[in-house]
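Residue numbers start at 1 and run along the sequence shown. Keep in mind that the numbers below use all heavy atoms, side chains included, and drop hydrogens, waters and symmetry copies. What you are looking at is a predicted structure, and each value in this text was computed from that prediction instead of being measured.
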Amino acid sequence: MPPADEQHHTSPGRRAAAIVTPFVAALMATLAAYLLLRHVLPDRMATHFGFDGADRYDPSGSALASYLVVFVIEAVLFLVWALAGDEDDTPASFRTIVTLAWAVATATAYLLCALLQASTKSPDGRDVTVPLPQFLIALAIGAAIALIGRFLPRRH
């Protein structure tokens with residue numbers, strides 16, 4: 001084991017910032033999509049989905065707020081995962097958590113933007129569907145980010 005002065009320790013605040021950043025960026029992208037599309041969105045949008053499809057509808061502004069809560073939940077889960085780790089965790093394990101945070105945040109933002117786009121095609125917000133290929137694209141985006149993060153050169 002290298003001497004203590006050679007180990008890479010990051011303060012909890014910096015670790016938290018590294019985890020929260022992807023979710024803030026994804027939230028901003030989703031907010032930008034909403035602002036670009038708000039003039040063509042229906043007055044009421046789906047805010048909850050069950051096995052039979054959408055089962056709750058709220059005004060579009062409230063719908064946006066509920067969609068963005070998803071980012072808060074994801075960020076909290078990743079924060080707990082990252083900060084609950086042992087202080088002796090390697091930088092590589094923290095890097096993996098950050099990479100996965102970027103992958104999940106980006107895939108979620110893509111899906112929420114796809115949902116916003118799909119909502120523009122429904123005048124009453126009732127018959128909104130996101131086609132299966134959109135879910136596959138979100139999965140591919142998340143996987144690509146995870147792979148890129150895995151194979152990027154590491155700073156020493």
Side-chain angles (χ1 to χ4, degrees), residues 10-87 89 91-122 124-152:
T10 306
S11 72
R14 290 185 80 167
R15 291 170 66 103
I19 293 295
V20 170
T21 298
F23 298 102
V24 171
L27 183 145
M28 298 308 284
T30 305
L31 179 60
Y34 172 80
L35 292 173
L36 289 170
L37 297 172
R38 73 174 180 234
H39 66 285
V40 292
L41 289 170
D43 291 335
R44 299 185 69 73
M45 293 175 49
T47 56
H48 186 268
F49 298 88
F51 291 111
D52 295 328
D55 58 13
R56 181 174 165 191
Y57 299 87
D58 288 316
S60 63
S62 296
L64 174 68
S66 66
Y67 297 160
L68 298 182
V69 166
V70 171
F71 292 117
V72 172
I73 293 168
E74 289 176 345
V76 168
L77 291 173
F78 273 88
L79 277 170
V80 168
W81 182 20
L83 298 178
D86 187 7
E87 291 223 7
D89 280 350
S93 63
F94 180 70
R95 177 189 169 107
T96 299
I97 295 170
V98 172
T99 299
L100 291 175
W102 276 105
V104 167
T106 305
T108 301
Y110 181 87
L111 283 177
L112 289 176
C113 290
L115 181 58
L116 286 168
Q117 177 64 33
S119 296
T120 66
K121 297 174 182 17
S122 173
D124 63 358
R126 295 254 175 218
D127 296 321
V128 176
T129 59
V130 177
L132 179 62
Q134 298 295 340
F135 288 93
L136 298 176
I137 291 169
L139 182 63
I141 289 169
I145 290 172
L147 286 172
I148 290 168
R150 172 70 178 103
F151 294 111
L152 279 178

Heavy-atom donor-acceptor pair, [X] side chain to [Y] backbone, under 3.5 Å:
| X | Y | answer |
| --- | --- | --- |
| Arg15 | Leu83 | no |
| Ser66 | Ala63 | yes |
| Arg38 | Gly61 | no |

Which heavy atom of [X] sits nearest a heavy atom of [Y], and at what distance?
| X | Y | result |
| --- | --- | --- |
| Phe94 | Ala82 | CE1-CB, 3.9 Å |
| Ala146 | Ala103 | N-CB, 4.2 Å |
| Cys113 | Ala33 | SG-CB, 3.5 Å |
| Thr108 | Glu74 | OG1-OE2, 2.7 Å |
| Ile19 | Pro22 | O-CD, 3.1 Å |
| Val130 | Ala114 | CG1-CB, 4.2 Å |

- What's the verdict on side-chain contact (heavy atoms from CB on, under 4.5 Å) for Tyr34 and Leu41, showing C-alpha distance, side-chain angles and the deciding distance? CA-CA 9 Å; Tyr34 172 80; Leu41 289 170; 3.6 Å; yes
Gap between atom [atom2] of [Y] and atom [atom1] of [X] - 0.5 Å precision:
| X | Y | atom1 | atom2 | value |
| --- | --- | --- | --- | --- |
| Leu112 | Leu68 | CG | CG | 7.5 Å |
| Leu116 | Leu64 | CG | CG | 7.0 Å |
| Arg44 | Asp58 | CZ | CG | 6.0 Å |
| Gln134 | Leu136 | CD | CG | 9.5 Å |
| Ser60 | His39 | OG | NE2 | 12.5 Å |
| Leu132 | Phe135 | CG | CZ | 7.5 Å |

- Message: Measuring centre to centre across the rings, with the benzene-like ring taken for any Trp, is Phe78 within less than 6.0 Å of Phe23?
- Response: yes
- Message: Which residue is it: Leu115, Leu139, Ile141? I am looking for the one with a side chain to side chain contact (heavy atoms under 4.5 Å, CB included) to Tyr110.
- Response: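 Passing option: Ile141.
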